[in-house]
Amino acid sequence: MSVRWSRRDFSAGSAEIAKRLIGSTLVRILDDGERLSGMIVETEAYLGVEDAAAHSFGGRRTARNEAMYAVGGTAYVYFTYGMHHCVNVVCGGIDEPVAVLIRALEPMEGMERMTALRNAGGRRKTPMRHRDLCSGPGKLCQALAIDRGLNGVDLVSSDVLWIEKPATRRKVRLANGPRIGVAYAGEWAGRPYRWWMEGNANVSGRR
DNA sequence: ATGACGATTTACT
DNA sequence: GTAAATCGTCATA
């Protein structure tokens, strides 16, 4: 039996949670009941009102980022670049707008369905490779059918989206470095709040 | 009402 | 390496 992340697990700070999430499993149950999952291999911490890279920088609170102000364990899903979704885990307590972005998964269950979801639209020119299924924040949302319909979902109690702890704590080498796509954030752009499983083929970026 | 801009991905030169 | 795709959101007026 697998153990889900609990409310208490989500109450730590985002840097700590970003590290602890590596090796856990993101589970998604589709409308037809099919179970999809992947091991989290890359995350980014967003530290809240003082973090110039965070959507909640300076206490900004809008319709889009409202979920960031909910209790730890809430899913914050947003739409960006006119075509992609990203999923975050909210950390800490109520009105503490801190979160961890899930950036990449190693596909575990339902890979055929993920491939179909990633090819939806049918105008892809290059064939989908296994390591392209979930190797980026937008990719994994498409592969797991995560969109704004899941924004605000409680990962502690939901029956369609949650996180499971590793069955056995394997030894994994963690690497860390600057976050991706936050060049606008001044001094905060270079801070090493991105973590990944070293050597894993599903980590985002070019090789 | 308008305009600038994304916590990205994909394809092309 | 460079650029297009594509549109919801938010700040400004």
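If you're wondering where the values come from, they're calculated on a predicted model, not measured in any experiment. Lettering of chains follows the sequences in order, A, B, ..., and the numbering in each one begins at 1. What's counted below: heavy atoms across the whole structure, side chains too, no hydrogens, waters or symmetry copies.
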Enquirer: Any salt bridge (Lys or Arg N to Asp or Glu O under 4.0 Å) pairs touching residues 38-49 of chain A, not counting sequence neighbours?
Expert: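 Pairs touching residues 38-49 of chain A that pass the test: A/E42-A/R103, A/E42-A/R194, A/E44-A/R103.
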Enquirer: Does any part of the side chain of A/V87, heavy atoms only, come nearer than 4.5 Å to the side chain of A/R28, both counted from C-beta?
Expert: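 A/R28 does not reach A/V87 side chain to side chain.
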Enquirer: With sequence neighbours excluded, give me every salt bridge (Lys or Arg N to Asp or Glu O under 4.0 Å) pair touching residues 147-156 of chain A.
Expert: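 Salt bridge (Lys or Arg N to Asp or Glu O under 4.0 Å) check on residues 147-156 of chain A returns A/R7-A/D154.
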Enquirer: With sequence neighbours left out, which residue pairs that include part of residues 55-76 of chain A fulfil the salt bridge (Lys or Arg N to Asp or Glu O under 4.0 Å) condition?
Expert: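 Those involving residues 55-76 of chain A are A/R61-A/E66, A/R61-A/D95.
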Enquirer: Who pairs with A/V98 by side chain to side chain contact (heavy atoms under 4.5 Å, CB included), at least two apart in sequence or on another chain?
Expert: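 Result, side chain to side chain contact (heavy atoms under 4.5 Å, CB included) vs A/V98: A/S14, A/C91, A/E96.
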Enquirer: Using a strict 4.0 Å threshold on nitrogen-to-oxygen distance, state whether A/E164 and A/R35 make a salt bridge.
Expert: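 Salt bridge: yes.
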Enquirer: For residues A/M197 and A/E106, determine if any side-chain heavy atom of one lies less than 4.5 Å from a side-chain heavy atom of the other.
Expert: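 Heavy-atom side-chain distance check fails, nothing below 4.5 Å.
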Enquirer: Can you check the A/Y184 OH to B/dT8 C1' distance for me, whole Å?
Expert: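 The distance from OH of A/Y184 to C1' of B/dT8 comes to 12 Å, rounded to the nearest Å.
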Enquirer: Using whole Å, what does the distance between atom C1' of nucleotide B/dA7 and atom CG of A/L140 come to?
Expert: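 Taking atom C1' of B/dA7 as the reference, CG of A/L140 is at 12 Å.
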Enquirer: Identify, residue by residue, the members of residues 77-97 of chain A with a heavy atom below 4.0 Å from DNA chain C, and return them in order of residue number, or none.
Expert: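 By residue number: A/F79, A/Y81, A/G82, A/M83.
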Enquirer: Walk along DNA chain C from 5' to 3' and tell me the first and last nucleotide with an atom closer than 4.0 Å to a non-hydrogen atom of chain A.
Expert: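 Contacts span C/dG1 to C/dA11, reading 5' to 3'.
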Enquirer: Is any side-chain heavy atom of A/L26 closer than 4.5 Å to a side-chain heavy atom of A/L161?
Expert: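 Side-chain contact under 4.5 Å: yes.
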Enquirer: Just wondering, do A/W162 and A/I29 contact through their side chains at under 4.5 Å, heavy atoms?
Expert: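 Answer yes - side chains close enough.
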Enquirer: Looking at A/R118 and A/Q142, would you say the former's side chain and the latter's main chain have a donor-acceptor pair under 3.5 Å?
Expert: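 Checked: no pair found.
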Enquirer: A/R169: what forms a side chain to side chain contact (heavy atoms under 4.5 Å, CB included) with it, not counting sequence neighbours?
Expert: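 Result, side chain to side chain contact (heavy atoms under 4.5 Å, CB included) vs A/R169: A/P166.
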Enquirer: Using a 4.0 Å heavy-atom cut-off across all strands, classify A/R148 as base, sugar-phosphate, or nothing.
Expert: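 The residue A/R148 makes sugar-phosphate contact but no base contact.
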Enquirer: Return the residues of residues 36-61 of chain A meeting this criterion: a heavy atom under 4.0 Å from some atom of DNA chain C. Order them by number, or give none.
Expert: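 Close to the strand are A/R60.
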Enquirer: Could you pull out all residues at least two apart from A/W5 that satisfy side chain to side chain donor-acceptor pair (under 3.5 Å)?
Expert: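 Expected list: A/S24.
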Enquirer: Would you mind classifying the nucleic acid contact of A/R179 as base, sugar-phosphate or nothing, using non-hydrogen atoms under 4.0 angstrom?
Expert: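 It contacts nothing in the nucleic acid.
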Enquirer: Do A/K165 and A/D9 sit within salt-bridge range, that is, some charged N less than 4.0 Å from a carboxylate O?
Expert: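 Yes, this pair counts.
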Enquirer: Starting at NZ of A/K139 and ending at C1' of B/dT10, how long is that distance when rounded to a whole Å?
Expert: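 The distance from NZ of A/K139 to C1' of B/dT10 comes to 9 Å, rounded to the nearest Å.
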Enquirer: Under 4.0 Å between a side-chain N/O of A/R123 and OP1 or OP2 of B/dT10, yes or no?
Expert: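 Looking at the OP1 and OP2 atoms of B/dT10, neither is under 4.0 Å from any side-chain N or O of A/R123.
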Enquirer: Which residues satisfy the side chain to side chain contact (heavy atoms under 4.5 Å, CB included) test with A/D32, sequence neighbours excluded?
Expert: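 Result, side chain to side chain contact (heavy atoms under 4.5 Å, CB included) vs A/D32: A/L30, A/E34, A/R113.
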Enquirer: Between A/W196 and A/S204, is there a side-chain heavy-atom distance shorter than 4.5 Å?
Expert: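 Sidechains of A/W196 and A/S204: no contact.
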Enquirer: Kindly state which residues belonging to residues 109-118 of chain A come within less than 4.0 angstrom of DNA chain B, counting heavy atoms of the residue only, listed by number.
Expert: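 Correct list: A/R118.
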Enquirer: Which value, rounded to the nearest 0.5 Å, describes the distance between A/I146 atom CD1 and A/L140 atom CG?
Expert: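 The distance works out to 6.0 Å.
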Enquirer: Assign A/S204 to base, sugar-phosphate, or nothing according to its heavy-atom contacts below 4.0 angstrom with the strands shown.
Expert: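 If one applies the 4.0 Å heavy-atom cut-off, A/S204 turns out to touch nothing in the nucleic acid.
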Enquirer: Determine which bases of DNA chain C form Watson-Crick or G-U wobble pairs with both distances under 3.5 Å, and write the result as a 5' to 3' dot-bracket string with | for other-strand partners.
Expert: |||||.||||||.
